[in-house]
Amino acid sequence: EEWVLDEEVPLHEALAQDLKRQGPAAMRAFRTAMKEGVQPLHSVKLCLVGHARAGKTSTLRSLSGRDFNPKQQSTHGVETKSCTLDK
């Protein structure tokens, strides 16, 4: 059975389209991963969801090497951030 996305595009076609959109480096990485079975991970996306005052912002601060702030204000709505982490 063939996997399909919401748009009913076969998964292999959606993958090919996405790799083309990302460019030659993505295609090379995909081919390397398929050949060698592994590919270094250079980025991740993290989504923290939870109740108010549960510590989501403090967890993110800790992951990025920043100190705990006991006076941290609540985040209202959605907040996005990018950060670079060392190995």
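Computed over heavy atoms, backbone and side chain alike; hydrogens, waters and symmetry mates excluded. Source: prediction; values computed, not measured.
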Item checked: Counterpart residues, side-chain contact (heavy atoms from CB on, under 4.5 Å), relative to Arg31 (two or more places apart) -> Met27

Checklist line | Set of residues satisfying salt bridge (charged side-chain N to carboxylate O under 4.0 Å, His left out) with respect to Arg21, sequence neighbours excluded | finding: Asp18

Checklist line | Spatial distance of atom CG (Asn69) from atom OG1 (Thr57) [nearest 0.5 Å] | finding: 10.5 Å

Checklist line | Atom pair CG/OG of Leu63 and Ser58 - distance to nearest 0.5 Å | finding: 11.0 Å

Check: With no hydrogens and no angle check, is any side-chain donor or acceptor of Thr32 less than 3.5 Å from a backbone partner on Arg28?
Finding: yes

Next item on the list: Treating Ile, Leu, Val, Met, Phe, Trp and Tyr as nodes and any side-chain heavy-atom pair under 4.5 angstrom as an edge, say whether Met34 and Leu15 lie in one connected cluster.
Entry: yes

Check: What heavy-atom pair brings Arg53 and Gln72 nearest, and what distance separates the two atoms?
Finding: NH1-O, 3.3 Å

Check: Does some side-chain heavy atom of Thr75 sit less than 4.5 Å from a side-chain heavy atom of Lys56?
Finding: no

Margin query: So does Phe30 get a backbone contact from the side chain of Lys35, meaning a donor-acceptor N/O pair under 3.5 Å?
Written below: no

